[in-house]
Amino acid sequence: LLQRARSKYALREYPVVVQLLERSRGRLDLNPYYQKMFGYAYLQIDSIDKAIHILENLLEKDDTEYTHYYLGMAYTAKEIPEKAIFHLEQAVNKSISPNIGLYYAQLGLLCKQENNLKDAIRYYDEAYTYSGVPKYLFLKAQVCDQYYKDKSIALSHYQKYLATADHNVEYTAYASDRIRYLKEFIHQTKSNK
C-alpha cells in the first residue's frame, strides 16, 4: 500500500493516494513522511479539514518547513489568515539557516577578491538583509566606493552604516573620514562642471 501510495503521489494522483493511505489506517502507524504525504494529498483534493487534522498532529513529530507550509496553505484555503500567516512565517524561519548572512558575506568577500564587484555588492546586501550585522553595510559601502563612478552611491552606504551605531571604532572612523572626503569630492566635481 505504501509503495503504491508513493508512486501515485509522484504521479500526482492525489485521490488514489488518499484512498491507499486510508486503507493503511489501523494496520500500521504512518511515519512522518507518509503523514505529510497524506495531509498534502487531502489538501490537493480539497479535504481541507482532514488535511489540517493530519498536519497539526504531525507537528509533534515533524516540525519542519514543509509541514508548516502545507498548514499555511490549508488555513489559507479555510480563510483563517492569522493561522495561515503564523504557519507560513514558521515555514520561512525553518527554511532559512541562521548562518545565511555569513554565507552571503563569504560570497561577497570572494567576489571582491576576484574583482567581481557587482556580485560582491549584491552578496553583501543579502548578508546584511539576512543577518542585520552592520559590518556588511560597511563592506558593501567599500565595494560601492570602488565600483561606482558616481560617488554619491558609496556616500549613502557609508551614511547608512554610520546610522546603525555600530561599535567598531576602526570601521566608524574610516566611514566618517570617507564621508567627509566623498562630500568634498562630489562638491568639487559639481563646481568644475
Side-chain angles (χ1 to χ4, degrees), residues 1-114 116 118-137 139-140 143 164 166:
L1 285 175
L2 296 180
Q3 288 300 334
R4 284 190 60 212
R6 193 176 194 158
S7 67
K8 295 298 182 185
Y9 184 80
L11 296 171
R12 299 174 191 227
E13 296 178 20
Y14 301 115
V16 179
V17 172
V18 167
Q19 184 182 38
L20 291 169
L21 291 177
E22 281 179 346
R23 285 181 40 204
S24 73
R25 279 190 167 169
R27 296 182 189 183
L28 55 112
D29 287 333
L30 296 176
N31 68 29
Y33 174 81
Y34 287 104
Q35 287 178 337
K36 199 178 313 172
M37 182 189 298
F38 202 8
Y40 184 75
Y42 269 134
L43 187 60
Q44 293 303 307
I45 64 168
D46 293 327
S47 291
I48 307 302
D49 291 327
K50 290 180 180 180
I52 289 172
H53 176 74
I54 288 173
L55 294 169
E56 285 284 359
N57 289 333
L58 178 59
L59 282 177
E60 292 176 25
K61 296 179 192 171
D62 190 55
D63 187 12
T64 63
E65 67 180 283
Y66 296 109
T67 306
H68 283 287
Y69 173 72
Y70 297 152
L71 273 167
M73 298 311 296
Y75 283 119
T76 300
K78 280 288 274 186
E79 297 181 6
I80 306 174
E82 46 298 326
K83 286 190 176 187
I85 290 169
F86 170 78
H87 286 291
L88 291 172
E89 285 176 343
Q90 290 296 313
V92 168
N93 291 338
K94 291 182 180 300
S95 68
I96 298 174
S97 167
N99 296 324
I100 195 162
L102 181 63
Y103 305 154
Y104 276 120
Q106 188 62 34
L107 283 166
L109 175 65
L110 290 171
C111 287
K112 183 179 177 185
Q113 289 171 349
E114 294 298 313
N116 181 353
K118 183 178 180 182
D119 284 342
I121 291 167
R122 181 171 55 92
Y123 288 133
Y124 282 132
D125 190 44
E126 293 291 338
Y128 180 71
T129 299
Y130 283 105
S131 69
V133 174
K135 171 184 176 181
Y136 302 141
L137 274 181
L139 295 172
K140 179 183 174 187
V143 177
T164 65
D166 188 24

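- Every residue two or more places apart in sequence or in another chain that forms a salt bridge (charged side-chain N to carboxylate O under 4.0 Å, His left out) with Lys94 is listed here: Asp63.
- Minimum interatomic distance between Ala41 and Val17 (heavy atoms only, all atoms of both residues): CB-CG1, 3.8 Å.
- By the 4.5 Å heavy-atom criterion applied to side chains, Leu71 and Leu59 are counted as neighbours.
- Minimum heavy-atom separation, Thr76 to Ala84: OG1-CB, 3.4 Å.
- Take Tyr69 and apply the side chain to side chain contact (heavy atoms under 4.5 Å, CB included) test, not counting sequence neighbours, and it matches Met73, Leu88, Ala91.
- Atom CD of residue Gln35 and atom CG of residue Asn57 lie 8.0 Å apart, to the nearest 0.5 angstrom.
- Taking the side chain to side chain contact (heavy atoms under 4.5 Å, CB included) definition, one finds that Glu82 meets it with Ile80, sequence neighbours left out.
- In plain terms, the two heavy atoms of Phe38 and Val18 that are nearest each other are CE1-O, 3.8 Å.
- Note that CZ of Arg4 is 7.5 Å distant from CG of Leu1, once rounded to the nearest 0.5 Å.
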Q) Under the side chain to side chain contact (heavy atoms under 4.5 Å, CB included) criterion, do Glu89 and Val92 qualify, and how do the steps go? A) CA-CA 5 Å; Glu89 285 176 343; Val92 168; 5.6 Å; no

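- Asn31 pairs by the side chain to side chain contact (heavy atoms under 4.5 Å, CB included) definition with Tyr33, Tyr34, not counting sequence neighbours.
- Within the structure, salt bridge (charged side-chain N to carboxylate O under 4.0 Å, His left out) pairs that include any residue of residues 15-33 do not occur (at least two apart or interchain).
- Under the salt bridge (charged side-chain N to carboxylate O under 4.0 Å, His left out) criterion, Glu13 pairs with Lys8, sequence neighbours left out.
- Scanning all heavy atoms of the two residues, the minimum distance from Leu43 to Ala74 falls at CD1-CA, 3.6 Å.
- Atoms CD and OH, on Glu65 and Tyr70 in that order, are 9.5 Å from each other to the nearest 0.5 Å.
- For the pair Leu2 and Leu21, the tightest heavy-atom approach, listed with the atom from each and the gap, is CD2-CD2, 3.8 Å.
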Acceptor/donor pairs from residues 44-51 side chains to any protein atom, 3.5 angstrom cut, sequence neighbours excluded:
residue, atom, partner, partner atom, Å
Gln44, NE2, Tyr40, OH, 3.2
Asp49, OD1, Lys78, NZ, 2.8

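- Remark: Lys36 engages Asp62 in a salt bridge (charged side-chain N to carboxylate O under 4.0 Å, His left out) (not counting sequence neighbours).
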Would you tabulate the side-chain donor-acceptor contacts of residues 96-113 under 3.5 Å, counting partners in other chains and residues two or more places apart, or write 'none'?
residue, atom, partner, partner atom, Å
Ser97, OG, Asn99, N, 3.0

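- Among pairs with a residue in residues 81-102, those fulfilling ring pair (Phe, Tyr, Trp, His ring centres under 6.0 Å) read His68-His87, Tyr75-His87, at least two apart in sequence or across chains.
- Two residues are said to be in side-chain contact when any heavy atoms from C-beta on lie closer than 4.5 Å; Leu28 and Leu30 meet this criterion.
- Sorted by first and then second residue, the side-chain hydrogen bond (donor to acceptor under 3.5 Å, both in side chains) pairs with a member in residues 125-136 read Asp125-Lys140; sequence neighbours excluded.
- Minimum interatomic distance between Pro134 and Thr164 (heavy atoms only, all atoms of both residues): CB-OG1, 3.4 Å.
- Atom OG of residue Ser95 and atom CD of residue Gln90 lie 11.0 Å apart, to the nearest 0.5 angstrom.
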